[in-house]
Amino acid sequence: MMRYLSGSLLTSYADLVVVSTLLRVSGDARDWLAIRSARELRPRDLEEGSFVFVGSPSSNPWVFYFADKLNFQEREGVVGASLKFFQNLHPNPGEQEKYQGLAFTGSSGEDYATISLLPVPTGRGSVLILQGLQQEGTEAAGRFLADTSNRQKLQEALGFSGTPTQPVYFEALIRTQAVAGAPNATSIVATRVIHS
């Protein structure tokens with residue numbers, strides 16, 4: 001069983017929803033998109049271009065590659081035996097030090113996700129990271145970005161309007177209410193502008 005799991009490409013329902021949502025909203029740019037497994041990516045691939053990583057470090061190790069640039073970092077006490085949470089490394093007034101989500105995928109309650117846009121290490125491209133504590137959070141992040149009014153709210157929360165002339169790198173923590181495994185009622189909890 002371990003040999004099967006270590007050599008298999010496993011995809012969650014949330015991954016499929018996020019990818020299909022991004023394809024739907026990409027319009028004419030769809031022809032330029034390539035969907036690849038995280039296992040097929042190499043560090044040299046990240047030298048130039050635009051990337052979207054779906055999932056947290058536990059499901060997509062490439063997210064860990066950018067963790068040092070993130071304020072909201074996924075944590076888990078004993079792997080598989082304790083709840084995951086986002087650690088807020090530098091809380092602003094009114095923010096919590098940690099945001100704990102669902103006990104497991106498929107349950108009801110609050111879950112959290114982050115949406116982050118960062119430069120690639122060479123500065124010749126960017127990476128969008130959509131990561132939830134559970135699948136509901138990851139799915140909520142993708143659906144959040146697909147909605148025009150949510151993108152407007154995010155832009156306002158980051159403190160800019162119009163179309164910026166340079167990339168605006170950021171991190172946003174969002175909360176969603178999940179009902180029997182389906183996310184809804186998603187809102188922005190906190191944002192950070194990242195200076196590259």
Side-chain angles (χ1 to χ4, degrees), residues 11-36 49-56 59-60 62-63 66 69-72 74 86 88 92 94-96 99 101-102 105 108-120 124-196:
T11 303
S12 73
Y13 177 75
D15 296 340
L16 293 173
V17 168
V18 170
V19 170
S20 65
T21 300
L22 292 174
L23 286 171
R24 183 173 41 82
V25 299
S26 64
D28 294 338
R30 175 185 288 199
D31 294 338
W32 295 93
L33 298 177
I35 300 169
R36 295 169 53 190
S50 298
F51 303 87
V52 178
F53 293 153
V54 179
S56 64
S59 64
N60 184 343
W62 289 105
V63 173
F66 293 90
K69 296 185 177 13
L70 300 175
N71 177 66
F72 299 102
E74 183 188 88
F86 280 112
N88 185 352
N92 285 334
E95 294 178 355
Q96 298 172 198
Y99 293 88
L102 297 171
T105 291
S108 297
E110 284 186 344
D111 202 27
Y112 293 88
T114 59
I115 301 168
S116 308
L117 182 66
L118 304 165
V120 295
R124 296 189 312 254
S126 58
V127 59
L128 176 66
I129 300 172
L130 307 173
Q131 63 171 327
L133 294 174
Q134 298 293 344
Q135 290 181 31
E136 290 83 350
T138 302
E139 182 179 345
R143 290 180 185 266
F144 182 90
L145 283 181
D147 184 271
T148 305
S149 65
N150 284 337
R151 290 194 306 271
Q152 179 65 36
K153 289 175 189 173
L154 178 58
Q155 189 172 350
E156 291 168 5
L158 291 167
F160 66 92
S161 60
T163 304
T165 57
Q166 297 292 320
V168 175
Y169 298 113
F170 69 89
E171 180 180 14
L173 176 71
I174 63 170
R175 173 180 42 239
T176 189
Q177 280 298 121
V179 178
N184 60 35
T186 303
S187 60
I188 299 169
V189 176
T191 60
R192 299 288 190 278
V193 173
I194 298 172
H195 303 284
S196 55

For side-chain contact (heavy atoms from CB on, under 4.5 Å), just list the numbers for T176 and E139, CA-CA rounded to whole Å, side-chain angles, deciding distance to a tenth of an Å, and then say yes or no. CA-CA 10 Å; T176 189; E139 182 179 345; over 6 Å; no

Would you check if [X] and [Y] make a side-chain contact, meaning some heavy-atom pair closer than 4.5 Å?
X: F86; Y: Q131; value: yes
X: H195; Y: Y169; value: no
X: L130; Y: L145; value: yes
X: I129; Y: W62; value: no
X: L154; Y: I188; value: yes

Separation between [atom1] of [X] and [atom2] of [Y], rounded to the nearest 0.5 Å:
X: L70; Y: L173; atom1: CG; atom2: CG; value: 11.5 Å
X: T186; Y: I174; atom1: OG1; atom2: CD1; value: 5.5 Å
X: N71; Y: R192; atom1: CG; atom2: CZ; value: 4.5 Å
X: E136; Y: D111; atom1: CD; atom2: CG; value: 6.0 Å

Heavy-atom closest pair, residues [X] and [Y]:
X: V168; Y: F170; result: O-CD2, 3.4 Å
X: A113; Y: G137; result: CB-O, 3.1 Å
X: T191; Y: A172; result: CG2-CB, 4.0 Å
X: S108; Y: A180; result: OG-N, 2.8 Å
X: V193; Y: L158; result: CG2-O, 3.7 Å
X: F66; Y: P119; result: CE2-O, 3.7 Å

When you compare the side chains of N88 and E95, does any donor N or O come within less than 3.5 Å of an acceptor on the partner?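 Yes, E95 and N88 have a side-chain donor paired with an acceptor closer than 3.5 Å.
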
What residues, two or more places apart in sequence or in another chain, satisfy side chain to side chain donor-acceptor pair (under 3.5 Å) together with [X]?
X: S149; answer: D147
X: N60; answer: none
X: S56; answer: S58, E74

Can you name the ring-ring contact (aromatic ring centres under 6.0 Å, His included) partners of Y112, sequence neighbours left out?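 For Y112, the residues satisfying ring-ring contact (aromatic ring centres under 6.0 Å, His included) (neighbours in sequence not counted) are Y99.
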
Contacts of E156 that satisfy salt bridge (charged side-chain N to carboxylate O under 4.0 Å, His left out) - sequence neighbours left out: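 By the salt bridge (charged side-chain N to carboxylate O under 4.0 Å, His left out) rule, E156 matches no residue at all.
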
Which pairs, with at least one residue in residues 170-182 and sequence neighbours excluded, count as a salt bridge (Lys or Arg N to Asp or Glu O under 4.0 Å)?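 Residue pairs passing salt bridge (Lys or Arg N to Asp or Glu O under 4.0 Å), neighbours aside: E110-R175.
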
